[in-house]
Amino acid sequence: MKAVELEKAYNPKEFEDRIYQEWKEKGEFAPRKDAKGEHFSIVMPPPNVTGILHMGHALNNSLQDIIIRYYRMTGRPTLWVPGTDHAGIATQNVVERELKKEGLRRQDLGREKFLERTWRVKEKHHDIIKRQLEKMGCSCDWDHERFTMDEGLSRAVREAFVSLYEKGMIYKGKYLVNYCPKCGTALSDDEVEYENTPGKFYHVKYPYADGSGYIIIATTRPETMFGDTAVAVNPDDERYKDVVGKELLLPLTDRRIPIITDQFVDKEFGTGMVKITPAHDPNDWECGKRHNLEVINILNPDGTLNENCPEKYRGLEAVEARKLVRDDLEKEGYLVKEEAYNHDVGHCYRCHSIIEPYLSDQWFVRMKDMARLALDALKKGDVVFYPKRWENTYVHWMETIKDWCISRQLWWGHRIPVWHCASCGKEIVSREDVTECPDCKSKDVKQEDDVLDTWFSSWLWPFSTLGWPDKTEDMEKFFPTSTLVSAYDIIFFWISRMVMSSEEFLSKAPFKDIVITGLVRDIQGRKMSKSLGNGIDPIAVIDQYGADAMKFTLCYMAAQGQDVLIDMNSFKMGSRFANKIWNATRYLLQNIEGRNLVEIKEESLSTFDKWIYSQFNDAALEIGKAMKNYRFNDAANAVYSFFWNDFCDWYIEESKARLFSGSDEEKDLVVSILMDILEKSMRLMHPFLSFVTEEIYQKLPNHKGDVIVAKYPEYDEKYSYPEEKKKVMALQDVVKSVRASRSSLQIPPEKKLKVVVRFTKDFAASTLLEEEKKFISTLVGASELVIDKDGKESVEGALPESGTGYECFTFVRDAINVPEEIKKLEKEISKAEDDLRKTNSKLSNENFIKNAKKEAIEKEKGKKAEFEEKILKSKAHIELLKRI
RNA sequence: GGAGGAUUAGCUCAGCGGGAGAGCGCUUGCCUUACAAGCAAGAUGUCACAAGUUCAAUCCUUGUAUCCUCCACCA
């Protein structure tokens, strides 16, 4: 074979983009035709087309990529569906912000022009997102890419809407909804974020209409008083028993309102008297319905006070109006007092403005029945959360579910498929566009202006992307999907609703395993956000360290749904590992010059050969288990320690002796084994470090095809060599302890010492090659290394060390610092005596002997013997030292 | 008010009923026929606190403290 030259430095930029293009061109991401077994499919949580991907996306997609690559390599039919979400409010906001800079409003453009422009913005962002996913190395099938507003998905949305409507599960009505004046639209309850905000608690006099005095109410929002239609007290409140039914004169107006009773009033809170504003407070709204109160809306859609308020306040925003009302109340002597008061105020999750409860016509979906289906799916085990604790969150949400407000007063989105006939007033709900009234045949039909909540398309994602409502081949082959990977912040918005829709429309759970990842935070544990400026751009990470480094690092840190705290330096970890892989390969490929690959027969394997195969086998087993349980950090750990600690630090080092001084035959065998392990390692590591393993794989003399579709290594009993494993572990301990002794005794490396090793009986049978002995000998700096099989070698005057499976003796007499060594030994003795005391107390404990597992007792006895021996030996050693 | 999580080396975090771990950082020595982005050795821990269960607790139970997240309520 010819040597293969690798670039001196690991430089991912050289090959990452190129390899991605090659994979794409070869169609490696598409489901394989020769795949066998149960399908494995994932739908990518669609990123919003508003922005660029952040670290959270990087984590999420890295894990999905690892999973899908792993299953692809196991030979199962796999599909990873990518796509993007139109993100109604967010995207519309982006475009409106742009317009604002040009001094325009969306109304100036008109619906059609505005949408054209939004599509262009969508295209732009979509392209950026796609490029980012490609840079990360995501092996999703781009031929299956979908967008929540593309034709097929729009059809799915209509199908879902109409079908729910026909079942009576969609209704329209005037309701008090969360309304964002800035975005100009209603929001669902889940889209409101409550924040503790400093405010004032105003105590205000409301005089009796008959002039006989006044009562005092307490409020944080005096400006809403123009919408008051009653004042309520608790029916059991003795203080106000006599005033119930009396009329009050609403200050600053000439309206009269009654005093009523309602259970919801808390006697202890404030003055025990509450102003009731049905149009602007959810509790008051309910109360108003109970008492048939008049509902007075005092706000315009833009959040300013409307014509139902006295003229001087009209057109003011709530916060400004509040100040003015407060001043006026004070001027007129109604304001009793005001106190500082912090309370939770709802904010828009998109633009962060204060949410107003607002009375308007909206569409709703009845959720109770679907929630029951979704709960059953969990109970039956059709969906399983990893980690399990998120099931509580899911259950709680399902059990306390409220109807879902699905209409949004936006232009960007799926327009509600409902038409109204101007002639006969018929409401037409249709899967197809309507141009004529089916009843009166009038052409004067008009579609609803509002669009649907973005999540109304996202909740269909696992099947709409596969072609539903049609019975497609993809649905047949890949539905239900296997695993969903998502962060915990959208369990309500998205995950729960997908289970509901899938159960409702397909009577099946949309996926089996739900993997909940943590959030990516900065090193201080803060959420990454634009305003803090603490975000890390995945592309910047890739530029600096490479996509493999990013993916591996995230995987290594993604433990059990815990939040991931990182900064730019964190990625050095993955980068160093990729570099290590590169350099190990570079070295190995330099040394295949003139060698031949030969058949590797079991009988010709040495102790270290068997050991490395065994370690590889263990790693494959460990990774398989970890992947099955979505324990990504465990998998990454297994990969890392196998390749670096076992293969590089021990096996390659050991092989050098054989590689540089053996016979041609021996050299061929060693190279063959090295290449075999290297080739297998690339397959083992490919899901975690995809680019560097592919780049290397292509250069290996024994590679077949592309590693991306190569067979994933599996645990194989035949490669399990427990004896050799124990033996090499013992040797490693010998090396460590001799080195440690040398170090603590300050014996310089160039000072060669004789070392005698005795294995305990278990390993006496298997022999070490001369080269293996030579290797160990070099590591410990031995002038002579004696493997003392029958214990006949004299160890008189040597420093004894012992550990599991071995004893070793180092002849250190010449180079030793006696007093210090004695001190050290005395310390060891006292520690061993402590340990022995503990062990003895256990062994003399009747209960322990009675109840403990046999192995535990045996182990304890072993420990006792070990400690006793240690003490004896150390004492003997001290004696020895004293004689020197 | 309800639920959940966290508390382990200087930092970021794994582990989890029977002898305290990784990465980074730190100290020391090494350019050992790939890798100084490396190799080797080393130091640092009442595993938050208290009680209980157990033959045995960092791990299980209960309580306490501190921090975080979510949900609900808030005139």
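Chain A is the first sequence line, chain B the second, and so forth, proteins listed ahead of strands; every chain is numbered from 1. Quantities reported herein were computed from a predicted structural model and do not represent experimental measurements. Scope of the values below: all heavy atoms of this structure, side chains included, with no hydrogens, waters or symmetry mates.
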### Query
Is it true that E622(A) and K625(A) have a side-chain N and a carboxylate O under 4.0 angstrom from each other?
no
### Task
Please measure how far the C1' atom in A41(B) lies from the corresponding atom in A65(B), and state the result in whole Å.
40 Å
### Task
Can you tell me the distance, in whole Å, between the CD atom of E193(A) and the C1' atom of A72(B)?
16 Å
#### Entry: Integer angstrom distance from the P of U7(B) to that of G15(B)
9 Å
### Query
G2(B) and U8(B): how far apart are their P atoms, nearest whole angstrom?
27 Å
### Query
Between K200(A) and Y341(A), is NZ or CZ placed under 6.0 angstrom from the six-membered ring centre and within 45° of the ring axis?
no
### Message
When the C1' atoms of G17(B) and C55(B) are compared, how many Å lie between them, rounded to an integer?
### Response
12 Å
Close N or O pairs between protein and nucleotides 69-71 of chain B (under 3.5 Å):
none

### Message
Can you check the distance between C47(B) and G18(B), where both ends of the measurement are the P atom (answer in whole Å)?
### Response
15 Å
### Interatomic distance where CD1 belongs to I401(A) and C1' belongs to A72(B) [whole Å]
15 Å
#### Entry: Rounded distance in Å - NZ (K388(A)) to C1' (A3(B))
17 Å
### Task
Could you tell me whether K774(A) and E771(A) make a salt bridge, using a distance below 4.0 angstrom between a side-chain N and a carboxylate O?
no
### Task
Quote, to the nearest angstrom, the C1' distance that separates C13(B) from A9(B).
11 Å
### Task
Kindly state whether the ring of Y206(A) and the ring of Y214(A) have centres lying under 6.0 angstrom apart.
no
### Y194(A) OH to A72(B) P, straight-line distance once rounded to whole Å
7 Å
### Query
Can you tell me how far C1' of G23(B) sits from OH of Y545(A), to the nearest Å?
14 Å
### Query
Taking T810(A) for the side chain and V755(A) for the main chain, is one N or O donor matched with an acceptor at less than 3.5 Å?
no
### Message
For G21(B), give the paired nucleotide (Watson-Crick: N1-N3 plus N6-O4 or O6-N4; G-U: N1-O2 and O6-N3; both under 3.5 Å), or none.
### Response
C13(B)
## Note on the structure
Readout for nucleotides 34-40 of chain B: B = base within 4.0 Å of protein heavy atom, S = sugar-phosphate only, - = neither; 5' to 3' it is BB-BSSS
### Message
Between D236(A) and K267(A) (salt bridge meaning N to carboxylate O under 4.0 Å), is one present in this structure?
### Response
no
### Query
Expressed in whole Å, how much space separates the C1' atoms belonging to U12(B) and G25(B)?
11 Å
### Message
If you assign N392(A) and N645(A) each to the RNA chain B nucleotide with the nearest heavy atom, which residue ends up on the more 5' nucleotide?
### Response
N392(A)
### Query
When all nucleic acid strands are considered with a 4.0 Å heavy-atom cut-off, which category describes F577(A): base, sugar-phosphate, or nothing?
nothing
### Query
Does U53(B) pair with anything, Watson-Crick or G-U wobble, both distances under 3.5 Å, and if so, with which nucleotide?
none
### Query
Relative to Y587(A), does K656(A) satisfy both conditions: NZ or CZ under 6.0 angstrom from the six-membered ring centre, and within 45 degrees of the ring's axis?
yes
### Message
Please report whether the ring centroid of Y349(A) lies less than 6.0 Å from that of F493(A).
### Response
yes
### Salt-bridge present (E593(A), R595(A); N to O < 4.0 Å)
no
Pairs under 3.5 Å (N/O, protein and nucleotides 5-14 of chain B):
residue, atom, partner, partner atom, Å
A14(B), O2', N633(A), ND2, 3.3

#### Entry: Watson-Crick/G-U partner (both atom distances under 3.5 Å) of C67(B)
G5(B)
### Query
How far, in whole Å, is U58(B) from A6(B) if one measures between their C1' atoms?
15 Å
### Message
Suppose we define a pair by two distances each less than 3.5 Å, Watson-Crick or G-U wobble; what does A34(B) pair with here?
### Response
none
### Query
Would you say E339(A) has more than 12 foreign heavy atoms packed within less than 6.0 Å of its CD?
yes
### Message
Rounded to whole Å, how long is the line connecting atom CG of L554(A) with atom P of G23(B)?
### Response
19 Å
### Query
Any salt bridge between R322(A) and E223(A), counting N to O under 4.0 Å?
yes
### Message
Less than 6.0 angstrom separating the ring centers of F201(A) and H203(A), yes or no?
### Response
yes
### Query
When all nucleic acid strands are considered with a 4.0 Å heavy-atom cut-off, which category describes N591(A): base, sugar-phosphate, or nothing?
nothing
### Query
If you look at every strand shown and take non-hydrogen atoms under 4.0 Å, does F552(A) touch a base, only sugar-phosphate, or nothing?
nothing
### Query
Mind checking whether F577(A) and F643(A) have parallel, tilted or perpendicular rings, split at 30° and 60°?
perpendicular
### Task
If G29(B) has a Watson-Crick or G-U wobble mate with both distances under 3.5 Å, name it; if not, just say none.
C39(B)
